[in-house]
Amino acid sequence: MTLPMDDEHAALFTVGQVADMLHVQQAFLRRIDDHQVVSPQRSAGGQRRYSRHEIGRIQQVVGMVGEGMTLPAIRRIFQLQHELTQVTRERDELARRLNELGEQGTLPGAAPP
């Protein structure tokens with residue numbers, strides 16, 4: 001049985017809790033949500049609820065802002081990281097499929113086993 005606390009994507013933490021944990025202002029958390037840098041899930045009542053994964057992302061944002069980066073720049077970096085992850089997965093899947101075809105001898109020009 002998996003408990004919600006075991007799931008890093010379970011939305012468990014309120015804005016106030018996250019602000020206290022990370023020593024940031026609640027307004028900062030709202031601003032990074034407004035800029036779509038880190039957008040938490042919402043409760044049935046519409047309140048932001050953060051997961052441990054999102055809290056980790058916010059920690060990254062805090063560090064990047066501290067280095068002078070803007071929120072739009074940080075959002076773009078996160079988008080590019082996501083795209084790179086997807087392309088890497090696709091490449092790995094294609095390489096796996098090519099390897100299987102090569103082992104089966106079904107690639108054009110491949111010697112039969």
Stepwise side-chain contact (heavy atoms from CB on, under 4.5 Å) check, Tyr50 with Val15: CA-CA 7 Å; Tyr50 294 87; Val15 171; 3.7 Å; yes

Summary of ring-ring contact (aromatic ring centres under 6.0 Å, His included) pairs that have at least one residue in residues 64-101, sequence neighbours excluded: none

Residues that His53 engages under side chain to side chain contact (heavy atoms under 4.5 Å, CB included), provided they are two or more places apart: Glu8, His9, Ser51, Arg57

Contact check, side chains of Leu98 and Leu94, non-hydrogen atoms, under 4.5 Å: no

Close side-chain approach of Phe13 to Glu54, heavy-atom, < 4.5 Å: no

Side chain to side chain contact (heavy atoms under 4.5 Å, CB included) involving Leu22 - partner list, sequence neighbours excluded: Val18, Val24, Ile55, Ile58, Gln59

Under the salt bridge (Lys or Arg N to Asp or Glu O under 4.0 Å) test, residues paired with Arg48 that sit two or more places apart: Asp33, Asp34

Residue pairs, two or more places apart or on separate chains, that pass salt bridge (Lys or Arg N to Asp or Glu O under 4.0 Å) and touch residues 85-95: Glu93-Arg96

With Leu80 via side chain to side chain contact (heavy atoms under 4.5 Å, CB included) - residues at least two apart: Arg76, Glu83

Leu84 CG to Gln79 CD distance, which is reported to the nearest 0.5 Å: 13.5 Å

Ile77 vs Met69, side-chain contact (heavy atoms from CB on, under 4.5 Å): CA-CA, chis, key distance, verdict: CA-CA 10 Å; Ile77 289 168; Met69 298 184 78; 2.9 Å; yes

Stepwise side-chain contact (heavy atoms from CB on, under 4.5 Å) test for Leu71 and Arg75: CA-CA 6 Å; Leu71 293 180; Arg75 181 181 66 235; over 6 Å; no

Short side-chain to backbone donor-acceptor contact, Arg42 and Arg49, under 3.5 Å: no

